[in-house]
2 protein chains.
Amino acid sequence: MTVKRNTWQKDAVRHALSESAGFVSAQQLHQVLHAHGSTIGLATVYRALADLLLAGDADSITSTDGQLLYRACGTSHHHHLVCRECGLTVEIDADQVEAWASGIGGANGFTDVSHTIELFGLCRGCRGL
Amino acid sequence: MTVKRNTWQKDAVRHALSESAGFVSAQQLHQVLHAHGSTIGLATVYRALADLLLAGDADSITSTDGQLLYRACGTSHHHHLVCRECGLTVEIDADQVEAWASGIGGANGFTDVSHTIELFGLCRGCRGL
DNA sequence: GACTTATTGACATTCATTATCAATAAGACT
DNA sequence: AGTCTTATTGATAATGAATGTCAATAAGTC
């Protein structure tokens with residue numbers, strides 16, 4: 001049977017992902033890693049992220065322009081309010097929504113319900129241009 | 001200012017979409033239209049679908065393999081509960097969440113707040129395998 | 001250290017979606 | 001009806017994220 005091997009590349013991806021706030025694309029992670037001097041390959045980043053998904057150490061959503069965004073998972077769960085102009089991000093917690101989400105899931109016969117909630121808007125600064 | 005023009009192509013896409021049950025990809029719609037004798041171009045199908053999205057006459061989700069799926073849609077804004085195994089989709093309406101979203105946005109100085117909410121879970125069928 | 005083979009990484013490939021742009025036709029105006 | 005403006009179309013090229021390929025590398029074992 002195939003035996004998993006531990007490589008610095010996988011650790012690097014895991015670490016870079018946990019350092020990132022919010023959702024990050026595989027390409028962004030690759031760039032960040034290179035900016036920090038790593039020589040990791042793009043394909044390897046994709047493979048490491050796929051492994052993290054399977055292992056449940058990360059989850060993903062697809063952004064509006066169609067690319068997959070990843071997030072470290074297992075830490076505290078929260079959501080973001082993002083300015084669609086400048087990218088300013090405000091963390092929000094949403095206990096009501098958490099409860100609502102799991103309730104809806106159960107009412108429809110779904111289990112293991114996870115959710116992705118992102119709010120986009122125009123922040124004060126960008127509006128006041 | 002730009003003036004919208006009505007073409008048989010847009011009507012064809014709108015009609016084909018409303019005839020389709022469930023979610024359909026742009027490529028599938030294009031094939032269906034050609035199978036019915038239409039000579040509509042693929043790019044035009046994409047453009048018509050984009051217009052329908054903007055007009056609120058259709059909504060879309062991204063399938064597990066990354067492509068956009070479209071569906072004719074009523075006027076009301078709603079969200080989806082999707083089985084992460086088989087793709088079974090249940091419509092949910094979320095008045096509470098709508099209110100919560102705009103409230104949070106305003107409280108943080110954001111205007112024009114839009115949101116994306118997706119719930120993923122395991123449906124009864126897939127769980128019982 | 002030697003060996004097996006999982007993993008890497010540079011590159012090619014796939015494929016959905018978008019951009020390009022000349023040709024067409026919708027709507028307005030006479 | 002004819003003319004004119006330009007929004008729209010459609011064939012094709014281009015983009016770009018994601019995956020496949022495969023020789024070279026290195027993790028874990030003995």
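Order of the sequence lines sets the chain letters (A, B, ...), proteins ahead of strands, with each chain counted from 1.
- Atom-to-atom, CD of B:Q9 to C1' of D:dA11 comes out at 14 Å; the value is rounded to the nearest Å.
- Grouping Ile, Leu, Val, Met, Phe, Trp and Tyr by side-chain contacts under 4.5 Å, direct or through others, puts A:Y46 with A:L42.
- The separation between B:W8 atom CH2 and C:dG27 atom C1' is 18 Å, rounded to whole Å.
- Look at B:Y46 and you'll find a side-chain N or O under 4.0 angstrom from OP1 or OP2 of C:dT17.
- Atom CD of residue B:Q27 and atom CD of residue B:Q67 lie 7.0 Å apart, to the nearest 0.5 angstrom.
- No donor-acceptor pair closer than 3.5 Å links the side chain of B:K10 to the backbone N or O of B:L52.
- A distance of 13.0 Å separates CG of A:L29 from CZ of A:R14, quoted to the nearest 0.5 Å.
- Rounded to an integer number of Å, the gap from CG of B:L33 to P of D:dG10 is 10 Å.
- The minimum heavy-atom distance linking A:Y70 with A:L53 is given by the pair CE2-CD1, 3.8 Å.
- A straight line from CG of B:L49 to P of D:dT8 spans 15 Å, rounded to a whole angstrom.
- A:I40 and A:H30 get closest at one heavy-atom pair: O-NE2, 3.1 Å.
- Rounded to an integer number of Å, the gap from B:D51 CG to C:dT18 C1' is 14 Å.
- D:dT6 atom P lies 17 Å from atom NZ of B:K4, rounded to whole Å.
- A:L42 comes within 4.0 angstrom of nothing in the nucleic acid, heavy atoms only.
- Within 4.0 Å (heavy atoms only), A:S25 reaches no atom of the nucleic acid at all.
- Atom NE2 in A:H30 sits about 8 Å away from atom P in C:dA10, given to the nearest Å.
- Here A:V32 is tied to no hydrophobic group at all, with no ILVMFWY side chain closer than 4.5 Å.
- Looking at the side chain of B:Q67, the nearest of the listed nucleotides C:dT7, D:dA27, C:dA16 is C:dA16.
- The side chain of A:T7 places an N or O atom within less than 4.0 Å of a non-bridging phosphate oxygen (OP1 or OP2) of C:dT8.
- Map A:A48 and B:Q27 each onto its nearest nucleotide of DNA chain C; the residue landing nearer the 5' end is A:A48.
- If you take CG of B:L68 and C1' of D:dA18, they are 15 Å apart, rounded to a whole angstrom.
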Close N/O contacts between protein and nucleotides 21-26 of chain D (under 3.5 Å):
none

